[in-house]
Undergrad: 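I'd like to ask you about the structure that follows.
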Amino acid sequence: MKGLYCIVLAAGLGTRMKSGLAKVLHPLAGRPMLMHTLENVLALKPEKTAVVIGHQAEKVKELLPRGVAPALQKEQKGTAHAAGVGLDVLRGADGVLLLVSGDTPLLGAQTLKGLIACHKRKKADITILTALIDEPFGYGRIVREDGKIKKIVEQKDASPSELKLKEINSGTYCFNIKSLKQALRHVRSANAQGEFYLTDVVEIVKRKGGKVAGMPVEEPMSALGINSRAELAAAEGEIRARINRRLMASGVTIIDPENTYISAEAKIAPDTIIHPGNTIDGRTEIGGGCILMPGNIISGSALGAGVIAKGYSVIEDSKIADKAQIGPFAHLRPGSVVGADARVGNFVELKKASLGEGSKASHLSYLGDALVGRNVNIGAGTITCNYDGFSKFRTVIGDDVFVGSDSQFIAPVTVGKGALIAAGSTITKDVPQDALALSRTPQVNKENWAKENRSRKKK
Ligand code: UD1
Ligand code: CA
């Protein structure tokens with residue numbers, strides 16, 4: 001947007017968080033709080049954006065995308081002082097300044113655009129984004145006289161009657177840059193917190209005959225300022241609710257939206273049913289008609305159509321083809337590939353393993369660094385011994401192989417197509433196609449030995 005400059009305030013520690021981590025670095029929906037605000041601001045394509053940093057400045061600076069200028073506020077003397085530090089970095093800026101706090105991450109780009117439009121329409125010196133809320137505790141209150149904004153009074157400086165006001169300052173404003181610069185020179189710190197309040201510029205500008213306008217947000221929740229962990233949780237809940245509402249509107253069934261945790265980047269096709277307690281992280285893609293029973297954690301993975309995850313499975317950076325069944329209690333570690341109609345059952349762990357179409361590993365197995373073909377049956381308790389304490393080795397199992405229960409493959413080893421591994425075998429050598437591999441010691445039965453042993457012990 002031409003003639004638009006932005007400042008994001010992010011220098012405070014956030015004392016009320018009671019944390020060693022600067023407030024704007026606290027994760028919200030999987031990424032630092034500041035990134036949400038910054039994304040919305042940058043969507044407006046400002047001429048230049050400055051982020052005021054102070055507490056843990058180095059860490060905050062690392063997050064800033066290219067083209068965003070850091071403005072170092074060495075001492076946190078208040079929001080007016082912070083705005084001045086930001087303006088110093090935006091040297092030569094003239095026109096409209098959009099100023100937002102790094103701790104109001106729910107304000108969307110559309111709302112910010114609306115504020116700028118309102119500011120221009122009203123030809124105001126300051127336009128404050130306000131919100132009408134039932135529990136205004138902690139926020140600066142908008143004091144009006146004959147309907148017009150007179151001043152903003154902070155919670156700690158407010159009189160009992162001002163504390164009853166329900167219109168609050170969201171901490172987001174549009175300023176005429178010249179008017180703001182002038183007003184900032186007159187801000188003093190004679191208040192309950194001994195800080196230079198940005199909110200004081202309202203009275204200063206009015207005194208000089210300037211125009212102050214207000215624009216209430218449509219959705220008051222979007223003005224939520226995060227000062228405490230409880231507010232952080234409320235913001236998380238709101239983001240989650242927005243994502244879930246969008247997915248439900250697009251045809252996904254979510255049985256209990258309050259207990260379903262889906263990242264903003266996840267894509268889920270219609271007619272998939274998601275039971276409570278599922279966490280779907282990162283850029284996971286899930287096809288249509290899947291059923292996710294309760295309690296799965298799925299991250300960075302791709303699931304085809306009609307996949308059934310039977311619950312309590314962990315699926316990381318893996319691919320699962322159409323109609324495969326996973327779990328309950330399966331663990332797909334990074335690099336795993338499960339073919340169409342294949343099954344990975346309870347207490348089965350896959351790591352960099354690929355299970356071909358129609359193959360089954362139904363119980364208690366570990367398949368690591370393994371390439372398993374189609375229609376293979378992996379018996380219960382099968383283990384690929386892929387690690388010798390130094391290096392990892394691969395197991396290759398061809399199509400149509402039957403692996404009896406409790407077998408071990410000492411990798412590297414290759415089993416040819418159609419072979420049969422007898423239950424309880426330890427496979428140390430390659431097995432030819434269609435062969436039977438058997439490595440059990442012959443069984444010895446000693447008649448009456450157990451009975452005699454018992455009577456010996458009794459004596
Ligand atoms: C501020 C407003 C209040 C408003 C509320 C909305 C002031 C005086 N008060 O109060 O009217 O209702 O936001 O959420 O502005 N910061 C700096 N440098 C500083 C001080 C603060 O960069 O020296 C940053 C903080 O990191 C934060 C933002 O400015 O991101 C707001 O500061 P905070 O202390 O949270 O202000 P509030 O008390 O919430
Ligand atoms: Ca705040």
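Order of listing sets the numbers, starting from 1, for every ligand and every atom in it. For the numbers below, each heavy atom of this structure counts, side chains included, while hydrogens, waters and symmetry mates do not.
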Undergrad: So which protein residues pack against ligand 1 under 4.0 Å, heavy atoms counted?
TA: L9, A10, A11, G12, R16, K23, Q73, Q76, K77, G78, T79, A82, S101, G102, D103, Y139, G140, E154, N169, S170, G171, Y197, T199, N227
Undergrad: Please name the atom of D103, restricted to N, O or S, that is closest to the Ca ion (ligand 2).
TA: OD2
Undergrad: Could you give the side-chain donor-acceptor pairs of residues 333-340 under 3.5 Å, partners two or more places apart or in another chain?
TA:
{"unit_1": "R333", "atom_1": "NH1", "unit_2": "E349", "atom_2": "OE2", "d": "2.6"}
{"unit_1": "S336", "atom_1": "OG", "unit_2": "R333", "atom_2": "O", "d": "2.9"}
{"unit_1": "S336", "atom_1": "OG", "unit_2": "L350", "atom_2": "O", "d": "3.3"}

Undergrad: Should the ring pair F329 and Y312 be called parallel, tilted or perpendicular, given that the plane angle runs from 0 to 90° and is split at 30 and 60?
TA: parallel
Undergrad: Are M248 and P257 close enough that some pair of their side-chain heavy atoms sits under 4.5 Å apart?
TA: yes
Undergrad: Any Lys/Arg nitrogen of K23 or D103 sitting under 4.0 Å from an Asp/Glu carboxylate oxygen of the other?
TA: yes
Undergrad: Just checking, any donor-acceptor pair under 3.5 angstrom between side chains of H81 and Q76?
TA: no
Undergrad: Heavy atoms, side chains only, cut-off 4.5 Å: are T79 and T199 in contact?
TA: no
Undergrad: Any N/O/S atom, backbone or side chain, of N227 lying under 3.0 Å from the Ca ion (ligand 2)?
TA: yes
Undergrad: For E231 and S228, which I'm curious about, is there any donor-acceptor pair between the side chains at under 3.5 Å?
TA: yes
